[in-house]
Structure formats: structure tokens, C-alpha cells
Amino acid sequence: MELSFNAAQETERLVTWTRDTILITLKRDGAVVGVSGGVDSSTVLYLLVRALGPERVIAVMMPDRDSSPESAALAGQMAEALGVRTILFDITPALVGMRCYERRDAAVQRAIPEYNPAVDKVKIVLPQDLLTSASLNVFSAVVVKPDGSEIRRRLHPREFNEIVAASNLKQRTRMMTLYLEAESRNYAVAGTAQKNEHELGFFVKYGDGGADLQPVHHLFKTQVYQVAEYLGVPAAIRERPPTTDTYSAECTQEEFFYRLPFATLDAIWEAEENGHAPEEIASALGLTRQQVDNALFDIHRKEQTTEYLRMPVLSPTPVRAAQEAEVISG
């Protein structure tokens, strides 16, 4: 059961939509995009260049001390090949000033006293047995010692919340940097979130979720890969395992959040959206009914528990309007 998708047709539609949105709707002169060497940001960069030309696009690389050097190298090589201007902005000093690492490491040490931030690496992960167990999304901290050995402990809510809150400073600092570069040029900020990230809540509110336009917002991750291939995004980027690029220890997005390979996740999700019954999905994908049920339970639970991230800013109804509504309903 494959996703029904015409990458060429959708790409051309998105090129036109992106151009019209930036130049006509937003009335901006160009666009900036944060690039990380991942397939999502690379695909958006290629779309922007097709829509506006390289002279109206700026690629901003914003590593911190936990970032993989490979990420900046791949992003820089890609931007150079496209003829796009790049800006490299190391956000580490800002994060130090906001006590990002200090607060994160203190929370990790409460969970794993053996953690030594001077030499150890750390990441947080979810259970990877989703197809065999309908387990909840309970995170664990993993400390990786210099010799490669690991210490894994389940996180209590307090430590988990503090680690995530501190880590989210990275995405929010990058958002501020992008708007600084965009506003100084009358440019728009192009976001890079796709459907998996947005609908399941794998983004930071007012961080990487903050943008003026989101060209691939509606695409499953597997569809982004197809658009990337059509656009000519380098194979080194398309074949690289998607990472969080947030924690000091290497951590894939599947390990940190999704719990399933994207091909399986997207096929199950898209099939259900198209009205296919779990038994039908299981048969088509060579899975058991229980495995499909486990995946769908996880999808729906993530949608529900992260709904607040997708809400607009809430405010009370003005008194006059509330009184009129009460009269009408009465």
C-alpha cells in the first residue's frame, strides 16, 4: 500500500504557491530559511530557489556545540552548489547566556547521577517496540560514556519537562535569528515542518514552528523525500538518517519521537485517512491487526496530547459579543 502521490505535479504547484505567497500575499522581497543538512530544510531551500531565484534566498546555518559537524558541512555544500548566500551563526554563546546547557545537565544529573557533562553525551528516547507493544510515550534519558557504554533511566515528569524546556531554547533562538535576518531585508521566513512534525507535535511552539509560510506543511515525510528527489536534492542528504540534531549524543528522529520507520508510519496513517479499515491496512502491509492498532493508537495519542501546540493564541470573548451571543442562544 503506497502513498498516492505525483511528486512532479506537486512540486510545480508548490513552486508557484511559494512564489505567489512570498511576493504577492506577504509582499516580501525574498526568503530566508534555516538549513541543517536534513531533507526537510534542503527541500524547502530548493523550492525557494526554484520559486525566487538564488539571489533572493538566504540559507542560515545555526549550529550549537551539540550539533553534528556533518550537518553544517552538508548544508554549506548544498547552498554553495545552488548559488545561495549563506550565513553561519553559532548560537552556543546565546544558549550559554540563557543557561540552556546548565539547566538541561542539572536535570539529567538528577535522573542519572553518574552523568558527567564534561565528557559524557546525552539524549532522550522513547521505547522502540511500538509494533509489539502498545506502550505509552514515556521518555528515558540515555547517557553515553566515552567508552561507548550507555546508562539508561526512565525520566520522571519533572526532569523530562526541564530537559525539554531547556532544549527548546535552541529552536527558539534559531527562530529569533531567522527573523533578524529576514526583517532586516524585508524577507519572509520559510518554515520546514512537514505533516509528521506538525500533526504529531514534533516541533517547538514559537521555535521551529514559527514562520511566515510552511511550504511542505501538508506532506508526509515520505512525500518530502519524493519531492526532494524530483528537485535534485543531493543523495547524501536524502539518504542520511533524519536526526534531532538537538542532543549531544546522536539521536535519530525515529528513536526520539516517531518510534516507527517513516515508510511504515506514513503508509498506515495515510491509509486510515483514506478510509481503509485496520484489517485492510494490515493485510496490505504484511502486518498484524494488533500492530496496526498499536501504530494508530500512538498516532492519535500524539495528535491529542499535542493539540495545544497547534492552537492559536487564546483570548476571552469581548463582553459585548458574549452578551449578544447569550441573547441569541436564549
Side-chain angles (χ1 to χ4, degrees), residues 64-67 91-92 94-174 196-209 242-260 265 293-311:
D64 78 292
R65 72 186 192 192
D66 291 333
S67 299
I91 64 172
T92 301
L95 296 175
V96 170
M98 289 186 285
R99 300 175 55 215
C100 166
Y101 308 109
E102 177 186 343
R103 297 185 63 161
R104 178 199 65 190
D105 291 342
V108 173
Q109 284 179 317
R110 287 202 303 274
I112 305 179
E114 303 94 321
Y115 172 53
N116 179 357
V119 296
D120 298 339
K121 296 183 181 297
V122 67
K123 60 184 176 181
I124 62 175
V125 300
L126 284 173
Q128 297 301 293
D129 57 350
L130 180 58
L131 290 184
T132 58
S133 173
S135 56
L136 297 177
N137 292 299
V138 178
F139 282 88
S140 295
V142 178
V143 167
V144 182
K145 291 292 185 178
D147 63 2
S149 61
E150 295 185 354
I151 304 172
R152 180 184 300 247
R153 303 268 170 77
R154 179 172 171 172
L155 287 169
H156 294 294
R158 178 189 172 192
E159 282 69 40
F160 170 73
N161 289 337
E162 290 189 17
I163 291 169
V164 170
S167 300
N168 285 352
L169 285 170
K170 297 185 178 188
Q171 283 76 19
R172 293 189 172 113
T173 300
R174 291 179 177 123
N196 301 64
E197 292 177 338
H198 182 259
E199 296 300 319
L200 301 185
F202 186 46
F203 68 94
V204 177
K205 195 168 188 177
Y206 306 120
D208 52 341
T243 66
T244 62
D245 206 26
T246 297
Y247 297 96
S248 55
E250 186 172 316
C251 185
T252 68
Q253 291 182 355
E254 179 182 333
E255 184 182 18
F256 173 72
F257 186 79
Y258 292 111
R259 305 179 67 187
L260 284 175
L265 171 64
D293 284 344
N294 290 350
L296 290 174
F297 174 81
D298 193 65
I299 290 169
H300 298 320
R301 183 170 180 82
K302 284 188 170 83
E303 288 176 325
Q304 293 165 5
T305 58
T306 63
E307 178 60 29
Y308 76 99
L309 293 174
R310 294 177 290 277
M311 288 181 179

Just how far is it from atom [atom1] of [X] to atom [atom2] of [Y], taken to the nearest 0.5 Å?
X    : Y    : atom1 : atom2 : result
D105 : I163 : CG    : CD1   : 9.0 Å
H156 : R110 : NE2   : CZ    : 11.0 Å
D64  : T246 : CG    : OG1   : 8.0 Å
F139 : K123 : CZ    : NZ    : 13.0 Å
K121 : C251 : NZ    : SG    : 13.0 Å
L265 : L130 : CG    : CG    : 9.0 Å

Does K170 come within less than 4.0 Å of D245, counting only side-chain N to carboxylate O? no

Please tell me if the side chains of [X] and [Y] come closer than 4.5 Å, counting only heavy atoms from C-beta onward.
X    : Y    : value
E254 : L260 : no
N294 : D298 : no
D208 : E197 : no
P146 : D120 : yes
L169 : R103 : no
F202 : N196 : no
V144 : E250 : no
F203 : T306 : no

Search all heavy atoms of [X] against all heavy atoms of [Y] and return the closest pair with its distance.
X    : Y    : result
Q109 : P117 : NE2-CD, 3.5 Å
A166 : C100 : O-SG, 3.2 Å
S67  : R174 : OG-NH2, 3.8 Å
K302 : R259 : NZ-CD, 4.1 Å
R104 : S167 : CD-OG, 4.1 Å
D66  : S248 : OD1-CB, 3.4 Å

With side-chain contact (heavy atoms from CB on, under 4.5 Å) as the test, pick out the partner of F257 among V125, L200, I124. L200

Output, in order, the C-alpha distance, side-chain angles, deciding distance and verdict of side chain to side chain contact (heavy atoms under 4.5 Å, CB included) for E159 and R153. CA-CA 11 Å; E159 282 69 40; R153 303 268 170 77; over 6 Å; no

Donor-acceptor pair, distance only, cut-off 3.5 Å: does the side chain of S140 make one with the backbone of R152? no

Tell me whether R154 at atom CZ has more than 12 heavy atoms from other residues, nucleotides or ligands lying less than 6.0 Å away. no

When you compare the side chains of T305 and R301, does any donor N or O come within less than 3.5 Å of an acceptor on the partner?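 On atom types as modelled, these side chains do not qualify, holding no pair under 3.5 Å.
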
